Amino acid sequence: MALLTEERVRQMSDNGTRGPVVVTREDVLTPSARSWLREHRVEVVYPQGREEEGEAAGKYRTLFGAVLMEKPEHMTHLKGNILVFKDHPRIAFRGMIDRLEAEIALCQQVCVREGVSALAEELEEVLDFVRRFIRFDVLEEPVGEVRLCGMTPAELRERSHYPEKYFGQGHFLIRYTDSPAILAVNKVRTVVRQTELAAYRAFRDENGGVTREDILLGLNRLSSLLWIMMIKLKAGRYQKS
């Protein structure tokens, strides 16, 4: 049984310049390989017929070619009826999104207790943005335009790099004497950084590049926004409620 990855079908078709790509009953095309073949209009032939046309077709499939009638507990859905092990990088990334949502909600509670309800409301926008990342991944939808709390990616980067220019407060190191709100936002920021690393592992190709730069950009700018929030808290820019 052979797993035909995108890299393999590129080789078989001389990088899309010739065809057809022959797929036998023992071969399994990965979703990325199928997508690449369609995009480059490379002819694919199945001399023995498609496996799914046979009686042995199962309810679920795996990236390594197995066909299953039942979903094992140690596996989960990657997309559609494709199952992967639960430690697959994209599943790990989705788990980090789940954790990030939980940390944001806890941070909002702290902000309300500390009398900075305006920040809790801003974090609601952040939470809505984060919740969309599962959809971006599962349905392979583009992130689209990133605009958080009224700021573009370029504005977020500029303000997070030069906070004294915009907020009258320079970069600082956190201390235990900082307010609970600052420390709570900082914890969310660190989880965003961990989520960004998980995204890189999930969408890294064989050459070290990434297939979802839009997801990496969205998370990177989200980290910038959280640093801006910490700066504004330190500078007393949020009115106490």
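Everything quoted here is computed from the prediction, not taken from an experiment.
- In this structure, SG in C149 is found 9.0 Å from CD1 in I228, a value given to the nearest 0.5 Å.
- Heavy atoms only, all atoms of each residue included: P153 and R221 are closest at O-NE, 3.2 Å.
- Summarising the local packing, CD of E213 is surrounded by 12 or fewer heavy atoms from other residues, nucleotides or ligands at distances under 6.0 Å.
- Between the OG1 atom of T211 and the CZ atom of F203 there is a distance of 6.5 Å, given to the nearest 0.5 Å.
- Shown here are the side chain to side chain contact (heavy atoms under 4.5 Å, CB included) partners of E43, two or more places apart in sequence or in another chain: P20, V45.
- With sequence neighbours excluded, the residues satisfying ring-ring contact (aromatic ring centres under 6.0 Å, His included) with F133 are F129, F136.
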Would you sort out whether V126 and L222 count as a side chain to side chain contact (heavy atoms under 4.5 Å, CB included), showing the intermediate values? CA-CA 8 Å; V126 171; L222 180 55; 3.5 Å; yes
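- Listed by chain and residue number, nothing satisfies the ring-ring contact (aromatic ring centres under 6.0 Å, His included) test with H88 (two or more places apart in sequence, or in another chain).
- Here the side chains of Y166 and I231 are not in contact, with every heavy-atom distance at 4.5 Å or above.
- The hydrophobic cluster containing L127 also contains L123, counting ILVMFWY residues as joined when their side-chain heavy atoms lie under 4.5 angstrom apart, directly or transitively.
- Residue V23 forms a side-chain contact (heavy atoms from CB on, under 4.5 Å) with just one option from V44, L37, V9, and that option is V44.
- Side-chain polar atoms of E164 and Q169 form no donor-acceptor pair below 3.5 angstrom.
- Hydrophobic clustering keeps L225 apart from V110 (ILVMFWY residues linked when any side-chain heavy atoms are closer than 4.5 Å, directly or through intermediates).
- Judged by distance alone, the side chains of R10 and N15 do bring a donor and an acceptor atom under 3.5 Å apart.
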Carefully, step by step, assess L68 and R61 under the rule side chain to side chain contact (heavy atoms under 4.5 Å, CB included). CA-CA 6 Å; L68 306 172; R61 296 180 178 277; over 6 Å; no
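- No donor-acceptor pair under 3.5 Å is formed between the side chain of S117 and the backbone N or O of A120.
- With sequence neighbours excluded, the residues that form a side chain to side chain contact (heavy atoms under 4.5 Å, CB included) with K86 are T76.
- Minimum interatomic distance between E141 and D214 (heavy atoms only, all atoms of both residues): O-OD2, 4.3 Å.
- Looking at E140 and R212, no side-chain N of the basic residue comes within less than 4.0 Å of a carboxylate O on the acidic one, giving no salt bridge.
- Minimum interatomic distance between R193 and S223 (heavy atoms only, all atoms of both residues): CD-OG, 3.3 Å.
- In this structure, the side chain of E101 does not engage the main chain of D98 through any donor-acceptor pair within 3.5 Å.
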Please evaluate residues L100 and Q194 with respect to the criterion side chain to side chain contact (heavy atoms under 4.5 Å, CB included), reporting the C-alpha separation (whole Å), side-chain torsions for both, the decisive distance (0.1 Å), and the verdict. CA-CA 9 Å; L100 181 53; Q194 292 174 326; over 6 Å; no
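- Among residue pairs with one or both ends in residues 230-239, those qualifying as side-chain hydrogen bond (donor to acceptor under 3.5 Å, both in side chains) are E122-Y238, D178-K234; sequence neighbours excluded.
- Side-chain atoms of R113 and P180, non-hydrogen and from C-beta on, never get closer than 4.5 Å to each other.
- The number of heavy-atom neighbours closer than 6.0 Å to OH of Y162, taken from other residues, nucleotides and ligands shown, is 12 or below.
- Contact between S224 and L156 at its shortest, heavy atoms only, is CB-O, 3.9 Å.
- Rounded to the nearest 0.5 angstrom, E155 CD and S160 OG are separated by 11.5 Å.
- Here the CE atom belonging to M151 is positioned 6.5 Å from the CZ atom belonging to R159, to the nearest 0.5 angstrom.
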Between M230 and I174, is the side chain to side chain contact (heavy atoms under 4.5 Å, CB included) condition met? List the steps. CA-CA 10 Å; M230 291 173 62; I174 62 166; 3.7 Å; yes
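- A parallel orientation is assigned to the rings of W227 and F172, their planes being inclined by less than 30° (bins at 30° and 60°).
- Hydrophobic clustering (ILVMFWY, side-chain heavy atoms < 4.5 Å, transitive): V138 and V210 are in distinct clusters.
- The minimum heavy-atom distance linking R201 with P89 is given by the pair O-CB, 3.7 Å.
- Using a 4.5 Å cut-off between side-chain heavy atoms of Ile, Leu, Val, Met, Phe, Trp and Tyr, with links allowed through other members, L183 and V185 fall into the same hydrophobic cluster.
- Rounded to the nearest 0.5 angstrom, E7 CD and D205 CG are separated by 9.5 Å.
- Minimum interatomic distance between K240 and E114 (heavy atoms only, all atoms of both residues): NZ-O, 2.9 Å.
- Within a 6.0 Å radius of CZ in R157, no more than 12 heavy atoms belonging to other residues, nucleotides or ligands are found.
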Dump the intermediate steps for side-chain hydrogen bond (donor to acceptor under 3.5 Å, both in side chains) on Y60 and E70, then the final yes or no. CA-CA 7 Å; Y60 303 104; E70 300 292 336; over 6 Å; no
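- Annotation: the span from I182 atom CD1 to R175 atom CZ amounts to 12.5 Å, rounded to 0.5 Å.
- Within 6.0 Å of CD on E73 lie no more than 12 heavy atoms contributed by other residues, nucleotides or ligands.
- Cluster partners of L78, using a side-chain heavy-atom cutoff of under 4.5 Å among ILVMFWY residues and allowing indirect links, are L63, I82, V84, I91.
- With hydrophobic clusters built from ILVMFWY side chains whose heavy atoms lie under 4.5 angstrom apart, V146 shares a cluster with F93.
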